[in-house]
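The structure under discussion appears below in the form of structure tokens.
One-based numbering, in listed order, for ligands and for the atoms of each.
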Amino acid sequence: MTKYKHLFGPVPSRRFGRSLGIDLTPYKTCSFDCVFCQLGRTTAKTFERKEYVPVKDVIEELDDWLKSSGEADYITLSGSGEPTLHSRFGEIIDFIRSSSSIPVVLLTNGSMLKYADVRAAASKANIVKLSLSAGDQDLFEHINRPPPDVSLKVLVEGMQHFRDEFAGELWLEVFVIWGANSTPKDISRIAELAKTFKPDRIQLNTAVRPPAESFVHPMPKQKLENLATYFDPPAEVIAEFSSDYTSSAKASEDTILAMLQRRPCTTKEISAALGLHINEVSKYIGKLERTSVIQAKPTGHKVYYTCCLEAGVSE
Ligand code: SF4
């Protein structure tokens with residue numbers, strides 16, 4: 001997959017089986033700067049919509065991939081930032097839907113759904129997964145760190161309009177941070193807002209991968225399962241705790257570990273060296289760090305990971 005610039009994977013995931021990712025923005029170009037973001041802090045916080053990567057190039061790569069291997073359970077618009085900031089993302093969905101029967105998933109923070117043309121483009125996907133992790137303006141600003149004057153009310157109204165116009169499956173992901181939005185009251189407020197746009201599925205996640213901010217702590221699985229009952233329909237816990245790993249994920253994890261046994265690296269360096277998307281690297285680093293196999297060493301503006309095991313002692 002390293003021959004492609006805008007495609008990554010297919011990545012094995014519990015949620016989407018094998019999912020081919022499409023990256024439509026430069027690294028960390030996003031309308032929010034979520035404290036839990038697995039990609040680190042947002043470096044380009046913007047509401048500007050433009051053709052961040054050429055549609056022509058993405059379509060050429062997709063065409064090549066479909067004609068060569070072309071096997072995945074889903075094709076997902078996600079990646080290094082907010083995909084709906086790309087002004088022509090709807091054309092990419094059109095191409096996939098006319099060239100393949102693989103369902104298209106759009107992962108979005110929902111911030112651009114207040115615009116009718118964004119809702120029309122997003123409606124072309126088979127599944128749209130929104131995220132909402134705050135039930136009031138203060139928590140929204142604390143957790144998602146939107147630009148000034150962006151209101152939770154307008155965000156949710158955009159989601160409601162989208163639900164009215166979208167005939168596909170609407171999913172909602174709620175990211176729960178222990179001590180920030182994890183009380184029954186916090187979760188009930190989010191559940192009340194969710195009722196207003198009626199997601200078909202609701203999923204709870206937590207910080208099982210390295211978050212942007214060190215004060216973000218994961219919720220234990222059992223507590224997440226208790227909170228899942230506050231939603232209608234009841235939420236599913238999708239956080240991939242260590243025991244959920246597949247054998248192919250284990251192989252990638254071993255490769256990363258072997259690299260870190262030789263020298264400390266950042267997630268970006270691992271991503272470049274192994275040809276894995278930074279999302280994938282972050283997933284494996286998260287598990288290795290939680291199980292104390294590696295440790296983070298912040299150095300200047302970067303975080304290096306070092307191995308706590310001696311070479312050749314990986315389990
Ligand atoms: S979690 Fe998503 S919405 Fe939040 S900063 Fe990261 S890419 Fe943007």
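Contacts of Asp33 classified as salt bridge (Lys or Arg N to Asp or Glu O under 4.0 Å), with partners at least two apart in sequence or in another chain: Arg145. For Glu71, the side chain to side chain donor-acceptor pair (under 3.5 Å) test picks out no residue, with sequence neighbours left out. The side chain to side chain donor-acceptor pair (under 3.5 Å) search around Ser111 returns Ser31, Asn109, not counting sequence neighbours.
The number of protein N/O/S atoms found under 2.8 Å from atom 8 (Fe) of ligand 1 is 1.
There is a protein heavy atom closer than 4.0 angstrom to atom 6 (Fe) of ligand 1.
Between Phe215 and His142, the two ring planes are parallel [angle under 30°; tilted spans 30° to 60°].
Around the NZ atom of Lys45, the shell of radius 6.0 Å holds more than 12 heavy atoms that belong to other residues, nucleotides or ligands. In the displayed structure, Lys114 atom NZ is contacted under 6.0 Å by more than 12 heavy atoms of other residues, nucleotides or ligands.
For ligand 1, the atoms lying closer than 4.0 Å to a non-hydrogen atom of Phe36 are 1 (S).
With no hydrogens or angles considered, a side-chain donor-acceptor pair links Asp23 and Ser80 at under 3.5 Å.
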